[in-house]
Student: 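Structure provided below as structure tokens; questions to follow.
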Amino acid sequence: DSVIFKCGGAREERANTVVRRLPPLSDPAHFLAYEERLRADLRATLRMMDAPAGLCLRRDFQVFFDLRHGGFFHFDFERCYEYPERLHPKRGTTFHCAAALEDFVESLIVRRRG
């Protein structure tokens with residue numbers, strides 16, 4: 001069981017719809033491991049987004065989530081480097097993707113907690 005999260009647009013909404021339909025996890029130990037994997041992967045991803053080489057990730061990427069065990073299992077960001085202008089976001093750019101990703105992970109955790 002997996003879902004693609006892409007910042008903005010229909011794929012972000014589709015991912016949120018999938019999360020709203022998930023049942024809570026019944027095993028507390030499984031939930032704790034699930035939550036820790038998600039939070040660890042989120043922290044690592046946010047560090048990548050803050051790194052100089054990862055600036056374009058603030059605007060364009062897709063993440064595949066493992067809904068059964070928690071965690072991110074694939075990043076799709078090749079377009080990040082196909083367009084050099086994305087490597088250096090314009091001054092004043094809002095970085096919606098980091099906040100949207102954090103919100104998505106938090107909603108997934110809350111939903112699975114029950």
Side-chain angles (χ1 to χ4, degrees):
D1 299 334
S2 64
V3 67
I4 296 174
F5 174 86
K6 178 172 174 51
C7 179
R11 283 198 177 159
E12 183 176 344
E13 184 51 39
R14 196 172 315 133
N16 285 313
T17 299
V18 167
V19 167
R20 285 191 294 272
R21 294 179 181 159
L22 288 173
L25 294 172
S26 57
D27 178 9
H30 182 204
F31 172 75
L32 290 174
Y34 188 95
E35 179 181 22
E36 180 52 38
R37 271 190 298 276
L38 279 172
R39 291 194 188 282
D41 287 353
L42 176 62
R43 286 189 300 271
T45 303
L46 294 175
R47 282 194 305 272
M48 287 188 322
M49 293 171 88
D50 283 338
L55 289 179
C56 66
L57 293 176
R58 295 177 182 181
R59 296 182 358 181
D60 185 17
F61 70 94
Q62 297 178 96
V63 179
F64 292 73
F65 283 87
D66 177 347
L67 297 175
R68 182 172 295 175
H69 302 288
F72 303 10
F73 68 89
H74 178 75
F75 291 89
D76 179 6
F77 54 84
E78 76 276 350
R79 283 183 289 174
C80 226
Y81 299 101
E82 287 178 7
Y83 305 100
E85 66 275 8
R86 291 186 182 178
L87 293 175
H88 306 287
K90 295 176 185 169
R91 190 174 187 178
T93 299
T94 58
F95 300 113
H96 165 74
C97 289
L101 182 61
E102 288 178 285
D103 290 347
F104 180 77
V105 168
E106 191 58 36
S107 69
L108 183 51
I109 289 167
V110 166
R111 183 69 185 157
R112 295 304 250 173
R113 181 181 298 131

Student: If we ignore hydrogens and angles and just use 3.5 Å, is the side chain of R112 paired with the main-chain N or O of P23 as donor and acceptor?
Tutor: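 Checking the backbone N and O of P23 against the side chain of R112, a donor-acceptor pair under 3.5 Å is found.
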
Student: If two hydrophobic side chains count as joined below 4.5 Å and joins carry through other members, does L108 share a cluster with L46?
Tutor: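 As far as the 4.5 Å side-chain criterion goes, L46 and L108 are connected within one cluster.
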
Student: Taking atom CZ of R21 as the centre, does the number of heavy atoms from other residues, nucleotides or ligands within less than 6.0 Å exceed 12?
Tutor: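 Not buried by this count: 12 neighbours or fewer within 6.0 Å.
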
Student: Counting distance only, does the side-chain N/O of Y34 pair as donor-acceptor with the main-chain N or O of A29 below 3.5 Å?
Tutor: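 Judged by distance alone, no pair lies under 3.5 Å.
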
Student: Distance from T17 atom OG1 to L22 atom CG, nearest 0.5 Å?
Tutor: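 Here the interatomic distance stands at 11.0 Å.
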
Student: What closest approach, in Å, do P28 and S26 show between heavy atoms, and which atom pair accounts for it?
Tutor: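 For P28 and S26, the tightest heavy-atom pair comes out as CD-O, 3.3 Å.
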
Student: Is it true that R113 and E106 have a side-chain N and a carboxylate O under 4.0 angstrom from each other?
Tutor: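 Judged by the 4.0 Å cut-off on N to carboxylate O distance, R113 and E106 do not form a salt bridge.
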
Student: Evaluate R14 against K6 for side-chain contact (heavy atoms from CB on, under 4.5 Å), listing each step before the verdict.
Tutor: CA-CA 9 Å; R14 196 172 315 133; K6 178 172 174 51; over 6 Å; no

Student: For the CZ atom of F64 and the CD1 atom of I4, what is their distance to the nearest 0.5 Å?
Tutor: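 Nearest 0.5 Å value for the CZ-CD1 distance: 3.5 Å.
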
Student: For F104, run the side chain to side chain contact (heavy atoms under 4.5 Å, CB included) check against I109, V63, L38, V3 and tell me which one passes.
Tutor: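 Checked I109, V63, L38, V3 against F104; only one passes side chain to side chain contact (heavy atoms under 4.5 Å, CB included): V3.
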
Student: Output the distance between atom CG (L101) and atom CD (E12), rounded to the nearest 0.5 Å.
Tutor: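 Result: 9.5 Å between the selected atoms.
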
Student: Any salt bridge between R20 and E13, counting N to O under 4.0 Å?
Tutor: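 Salt bridge between R20 and E13, a charged N being under 4.0 Å from a carboxylate O: yes.
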
Student: Could you give the distance from CZ (R11) to CG (N16), rounded to the nearest 0.5 Å?
Tutor: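 Reported to 0.5 Å precision, the distance equals 14.5 Å.
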
Student: What is the distance from atom CG of D1 to atom CZ of R68, rounded to the nearest 0.5 Å?
Tutor: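 Nearest 0.5 Å value for the CG-CZ distance: 4.5 Å.
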
Student: Answer with yes or no whether the hydrophobic clustering places L32 together with F65; edges join I, L, V, M, F, W, Y residues whose side-chain heavy atoms lie under 4.5 Å apart.
Tutor: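 Yes; tracing contacts between hydrophobic side chains, which count when under 4.5 Å, links both residues.
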
Student: For the residue pair V19 and S107, establish whether any side-chain heavy-atom pair is separated by less than 4.5 Å.
Tutor: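 V19 vs S107: side chains touch.
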
Student: Looking at CD of Q62 and CZ of F5, how far apart are the two atoms once the value is rounded to the nearest 0.5 Å?
Tutor: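 Spacing of CD (Q62) from CZ (F5) equals 10.5 Å.
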
